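Position 1 is the first residue of the sequence; numbering continues from there. All values reported here derive from a predicted model rather than from experimental measurement.
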Amino acid sequence: MFVAAANASGGGTVTATAGGLTATASVAVTPPTPVTFGAGTYVVGADIPSGTYRTRVGASGCYWERLKGFGGTLSEIIANEFTNDLTVVTIKSTDRGFSSSRCATWTNDLSAVTSSPTGSFGAGALIVGVDIASGTWRSEGGSSCYWERLSGFGGELSEIVANGFGDAPAVVTIAASDRGFTSSRCGTWTKL
């Protein structure tokens, strides 16, 4: 019989029993090192692995694009975004490349960027169930407030579950099945 148990500090014990004898040993478990990268053009699968990445802070004039080729033509852009806020992107294994400029450091560390999932938040792309809780939220409103409920972070139109635009305060119910929520120029969102 073989039993393994890990504790919160990343260590654990391994116990093996055979023929009436039991042996126990302590083992160290090292968490994986996050993947991080900055501005540039990368080959997916060679320079960076596919997966979901985020910036943990906003950056003025951040631009990114998922690519199906490196010829520089518009037809090679799968999806793109221009933002000044926190952003999240899923780079698929079928993408040839990923390019970004003026963005903060990209990381696959998807831990929360908010202090509490039910606390107030501002602009940017946030992960439902990690950064923010599902439920009904109200914004202060702002000039040209825009928001989106998302089924994914690939940047494709098909991933927009619902969206809204206006200058008045907005009220949005974010479903538990939503993968993300993004907003800009809406002020602070507060859970109702």
Shared hydrophobic cluster, V171 / W147 (ILVMFWY, side-chain heavy atoms < 4.5 Å): no
Taking NZ, NE, NH1 and NH2 as the nitrogens, is one of them in R96 or E76 under 4.0 Å from a carboxylate oxygen of the other? no
Nearest heavy-atom pair of G154 and A79: which atoms, and what distance? O-CB, 3.3 Å
Heavy-atom closest pair (A59 atom, A104 atom, distance to 0.1 Å) is CB-N, 3.6 Å
Could you tell me whether the side chain of T83 and the main chain of C62 form a donor-acceptor pair under 3.5 Å? no
Output yes when K92 and E156 qualify as a salt bridge under the 4.0 Å nitrogen-oxygen rule, no when they do not. yes
Please answer whether the main-chain N or O of V35 pairs with a side-chain N or O of N108 as donor and acceptor at a distance below 3.5 Å. yes
Does the side chain of S93 reach to within under 4.5 Å of the side chain of V44, using non-hydrogen atoms? no
Do any N or O atoms from the side chain of R102 and from the backbone of A39 form a donor-acceptor pair under 3.5 angstrom? no
Please round to the nearest 0.5 Å and tell me the distance separating atom CG of D85 and atom CZ of R185. 9.0 Å
From I48 CD1 over to I91 CD1, what is the distance, rounded to the nearest 0.5 angstrom? 4.0 Å
Going by distance alone, is a donor N or O of one side chain under 3.5 Å from an acceptor N or O of the other, for S99 and T41? yes
For the pair D131 and R54, find out whether any cationic side-chain nitrogen is under 4.0 Å from an anionic carboxylate oxygen. yes
Have T173 and T136 got a donor and an acceptor in their side chains that come within less than 3.5 Å? yes
Indicate the ring-plane relationship of W189 and F181, choosing parallel, tilted or perpendicular according to the 30° and 60° boundaries. perpendicular
Short side-chain to backbone donor-acceptor contact, N80 and W64, under 3.5 Å: no
Exercise: identify the closest heavy-atom pair between S151 and S158: OG-O, 4.2 Å
Is it the case that one hydrophobic cluster holds both F37 and V89, taking links as side-chain heavy atoms less than 4.5 Å apart, direct or via other members? yes
Does the side chain of K191 come within less than 4.5 Å of S120's, by heavy atoms? no
State plainly whether one hydrophobic cluster holds both V57 and I132, where clusters connect Ile, Leu, Val, Met, Phe, Trp and Tyr through side-chain heavy atoms under 4.5 angstrom apart. no
Do the side-chain N and O atoms of E148 and S183 include a donor-acceptor pair separated by under 3.5 angstrom? no
Quick one: CH2 on W137 to SG on C186, what's the gap to the nearest 0.5 Å? 13.5 Å
Can you confirm whether the side chains of T90 and R66 place a donor and an acceptor under 3.5 Å from each other? no
Side-chain (D178) to main-chain (G180) donor-acceptor, under 3.5 angstrom: no
Over 12 foreign heavy atoms within 6.0 Å of CZ, R138: no
Could you point out which residue of I78, D95, T94 forms a side-chain contact (heavy atoms from CB on, under 4.5 Å) with K68? I78
Are side-chain N/O atoms of T87 and T55 paired as donor and acceptor at under 3.5 Å? no
Do the side chain of E140 and the main chain of T188 share a donor and acceptor less than 3.5 angstrom apart? yes
Identify the heavy atoms of A123 and S184 that sit nearest to each other, and give their distance. CB-CA, 4.2 Å
Any side-chain donor near an acceptor of the partner, W106 and S100, under 3.5 Å: yes
Rounded to the nearest 0.5 Å, what separates atom SG in C103 from atom CG in N84? 10.0 Å
Measure the spacing between CG of N163 and CZ of R149 and express it to the nearest 0.5 Å. 10.5 Å
Are Y63 and L67 connected into the same hydrophobic cluster when the rule is that any two of I, L, V, M, F, W, Y join if their side-chain heavy atoms are below 4.5 Å apart? yes
If hydrophobic residues (ILVMFWY) are linked whenever their side-chain heavy atoms come closer than 4.5 Å, directly or via other members, who joins I160 in its cluster? V88, L110, I127, V130, Y146, L150, F153, L157, F165
